[in-house]
There are 2 protein chains.
Amino acid sequence: MLSTTDHAEPLGRREQNKVDTRHAIADAAFDLARSVGPGAITVDQIAGRAGVSRRTFFNYFRSAEDALTVRTDTFLELALEVFGQMPQDEPLFDSIVRSFSETTRMEGLSLHGELFRMADTNPDLLRAQLHAWERAETRIVGALRRRLGAAASDLYLSALVGCVLSCTKAAMRDWAASTPEAGDDSGKQLEARILASLTMLRDGFADPVAIDDGPPAGS
Amino acid sequence: MLSTTDHAEPLGRREQNKVDTRHAIADAAFDLARSVGPGAITVDQIAGRAGVSRRTFFNYFRSAEDALTVRTDTFLELALEVFGQMPQDEPLFDSIVRSFSETTRMEGLSLHGELFRMADTNPDLLRAQLHAWERAETRIVGALRRRLGAAASDLYLSALVGCVLSCTKAAMRDWAASTPEAGDDSGKQLEARILASLTMLRDGFADPVAIDDGPPAGS
DNA sequence: CGGGAAGTTGCACACCGTGCAACAAAGGCG
DNA sequence: CGCCTTTGTTGCACGGTGTGCAACTTCCCG
């Protein structure tokens, strides 16, 4: 199981406090959004539950919705990190598919689905999520540029990355919509969808690819 | 030249006033954003310049940034409309490419580039723009569903549309970045970029496609 | 004309986002 | 350890945002 907290760097008191506070705020925001709905939360509530002042909240996040995108950010950050560890001589698409597949094994995946569903009913949260994907796009373009060198044009790179992320997003959307209840193997189901959408992308969308959800339930 | 105002439907006084007011607000917002920067505008300023009350502004738009996405909305709406007029038996990708190509001939295209550049320096505006593309995505998925019937899965459709829009977005970004000054043929340059990115998409990003900017200057 | 439907406006109110200055905690150093 | 610097937290104030509501105006239609 991939963990988001296994960077074994010795943090000073200062750094650690900041990480903890950030975590506390993000958790408080998510809990509140779950209980009263993402549209009804206020910064005061989040700050109160996280045990910090309203002012401190704004030292960490620009808005209540931003505190809810932490999970999305770490997911995408993790995917980028995993991508960086792929062998350079592997075909590009294989690296990409494997990066996201690995990443779907991260902890707390079902909460991501919940977040996706929340965004369906709240414009501001949706915007924050879209922005998170956009930020990731920029970072990934940079990483790809380092891998591919100057051979690839800006247009090629940003179109490619945009498409890859669009496919992943579509996979997550479809997964979130079709698995409202988190099952044991929801990770597998997401993985299958990501594989399917990225395969369609590689084939230029000539044909739809069926989703292989693994062995039927009960076998 | 495509126009956004040639729907020859006889509007009543009520409808016409609303259209005019909406237009006035959008123009006021854009003018202000140009002069003082998109981050420095207030709703009061926009409302004042448009000749309506602050309260009325919020009857039309949810935020100052939303008033700036009208151009993006009409661009995408127009593309969808054009797409609807393509022959049903034409290959899908050809229809898509032609739809956007036609749409680049719309009026006031250079202002779109300006808007893209504004979004680079203003997170809220960027979010509003991303949201506009997202809304269009939903509408286009619906239109495609009607064209393709039940044969296509949800995942196929949303991945495809997401990719097409990502490519278009990448083309506009590249175009906006590379043509800070609006030239006579900036429409041609955008068209070439859209064609290139969508061609790469059709070929599964196997190879970068060069941008054909037309005959070199001076010929 | 007259009355109902639709739209605009001012007002009040809660909430947002930020500069600022006072305060507290952490880290470095002799 | 004591002192000082650096970094982070907090309260406060202030202007801006977004919305429910009720009064008012404009439009439409019989």
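Residue numbers begin at 1 in each chain, while the letters A, B, ... track the order of the sequences.
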Here the distance between atom P of D:dG18 and atom CZ of A:R127, to the nearest Å, is 10 Å

In whole angstroms, the gap separating C1' of D:dT19 from CG of A:D124 amounts to 14 Å

note: A:Q16, atom CD; D:dT7, atom P; distance rounded to Å ~ 19 Å

| message | Looking at A:E15 and A:G12, would you say the former's side chain and the latter's main chain have a donor-acceptor pair under 3.5 Å? | response | no

query: Closer than 4.0 Å, any side-chain N/O of A:Y60 to the OP1 or OP2 of D:dG8?
result: no

When rounded to whole Å, the NZ to P distance for the pair A:K18 and C:dA25 reads 18 Å

Please list, pair by pair, any protein nitrogen or oxygen found under 3.5 Å from a nitrogen or oxygen in nucleotides 26-28 of chain C.
unit_1	atom_1	unit_2	atom_2	d
C:dA26	N3	A:R14	NH2	3.0
C:dG27	OP1	A:R13	N	2.6
C:dG27	OP1	A:R14	N	3.4

Closest to the side chain of A:S53, out of D:dG8, D:dT10, C:dT9, is D:dT10

Next on the checklist: Between B:R127 and A:E134, does any side-chain N to carboxylate O distance fall below 4.0 Å?
Outcome noted: no

note: B:D66, atom CG; D:dT17, atom C1'; distance rounded to Å ~ 13 Å

**B:R173 and A:D154 ion-paired at < 4.0 Å** = no

From CG of B:N59 across to P of C:dT9 the rounded distance in Å is 9 Å

**Prompt:** If we ignore angles and hydrogens, is there a donor and acceptor under 3.5 Å between the side chains of B:S53 and B:T56?
**Reply:** yes

For B:A152, is there any backbone N or O sitting under 3.5 Å from a side-chain donor or acceptor partner on B:R145? yes

Rounded to whole Å, CD1 of B:I25 lies from P of D:dG18 at a distance of 14 Å

Protein N or O to nucleotides 16-20 of chain C N or O, pairs below 3.5 Å:
unit_1	atom_1	unit_2	atom_2	d
C:dC16	OP1	A:V43	N	3.1
C:dC16	OP2	A:V43	N	3.4
C:dG17	OP2	A:R62	O	3.4
C:dG17	N7	A:R54	NH2	2.5
C:dG17	O6	A:R54	NH2	2.8
C:dG19	N7	A:R55	NH2	3.1
C:dG19	O6	A:R55	NE	2.8

Do B:M106 and B:V82 have side chains that approach each other closer than 4.5 Å (heavy atoms only, starting at C-beta)? no

Problem - Distance-only polar pair, side chains of A:S63 and A:D66, donor-acceptor under 3.5 Å - result: yes

Open item on the list: Any side-chain to backbone donor/acceptor pair from B:Y156 onto A:F205? Under 3.5 Å, distance only.
Closed with: yes

Here the distance between atom C1' of C:dT8 and atom CZ of B:R22, to the nearest Å, is 16 Å

If only atom types and distance count, is the side chain of A:W175 paired as donor or acceptor with the main-chain N or O of A:S186 below 3.5 Å? yes

